[in-house]
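First up is the structure itself, then whatever we jot down about it.
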Number of protein chains: 2
Amino acid sequence: MNQAATDSWTDSEQAIARAAFETAYNRAVMQLVASVQSKASNLGDVSSVWALHDFLSIERHTIEGRFDFRLEGILFVFASLVKDELLQLQELEGLTADKLAKISAMSRF
Amino acid sequence: MNQAATDSWTDSEQAIARAAFETAYNRAVMQLVASVQSKASNLGDVSSVWALHDFLSIERHTIEGRFDFRLEGILFVFASLVKDELLQLQELEGLTADKLAKISAMSRF
């Protein structure tokens, strides 16, 4: 049984979740832009260009998959974002203590 | 009947063709690197990053398709490279006058 999927979300919690999600997404995009600019400034032969293309293919796939907002499973997504330092637990304040405890615990896995 | 495919190529002509091909390839890669660096310096929101990814996908497909060295059909490839200013006719000097005339004529199509 998927406990996270059965948690109830108040309107207020959903707004907090959406805002935190948006914050993490913007950080991920900013990190990606910085990475691309760094790689672009070091381009040399054609293999480095195709390596940048491969990098973008993977990042696009990862980001588009990760930032598809759905409440189902979102505690896991938040945990992974905390683990990857794209989100801080404090930015999820307002969620129930139970949800925060789950996110915190999973982020340390 | 594909006239270009049936032309004979001396060893000397093949060496000239390979060198010209390499020259055009290097220019295409240099142009691509400059384009990527320009686009990277102007990255903003996520859509601009994905636009760069799409650009690289198309360029990779185009370049890998275009620069597959085969004598068959190479007069057409040279004509398109001359048309796109990645190669100058003078860089093909040493090919027979007949081949040069074909390349020159096709490059103006």
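Numbers restart at 1 for each chain; the letters A, B, ... are given by sequence-line order, proteins then strands. All values below were derived from every heavy atom in this structure, side-chain atoms included, with hydrogens, water molecules and symmetry-related copies excluded. This one's a predicted model, so the numbers in the text were calculated from it and none came from an experiment.
- Contact annotation for A:Leu43: both backbone and side-chain heavy atoms come within less than 4.5 Å of a heavy atom of chain B.
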For residues 74-84 of chain B, please give each side-chain donor-acceptor pair under 3.5 Å, one per line with the distance, not counting sequence neighbours.
unit_1	atom_1	unit_2	atom_2	d
B:Ser80	OG	B:Arg66	NH2	3.1
B:Ser80	OG	B:Val77	O	2.9
B:Lys83	NZ	B:Phe109	O	2.2
B:Asp84	OD2	B:Arg66	NH1	3.3
B:Asp84	OD2	B:Arg66	NH2	2.6

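- Using a 4.5 Å cut-off between non-hydrogen atoms, the part of residues 18-30 of chain A that approaches chain B consists of A:Tyr25, A:Val29.
- Within a 6.0 Å radius of CD in A:Gln14, more than 12 heavy atoms belonging to other residues, nucleotides or ligands are found.
- Considering only residues two or more places apart in sequence or on other chains, B:Ser104 meets the side-chain hydrogen bond (donor to acceptor under 3.5 Å, both in side chains) condition with B:Arg108.
- Applying the side-chain hydrogen bond (donor to acceptor under 3.5 Å, both in side chains) test to residues at least two apart or on different chains, the pairs with a partner in residues 38-56 of chain A are A:Asp45-A:Ser47, A:Trp50-B:Glu64, A:His53-B:Ser57, A:His53-B:Arg60, A:Asp54-B:Arg60.
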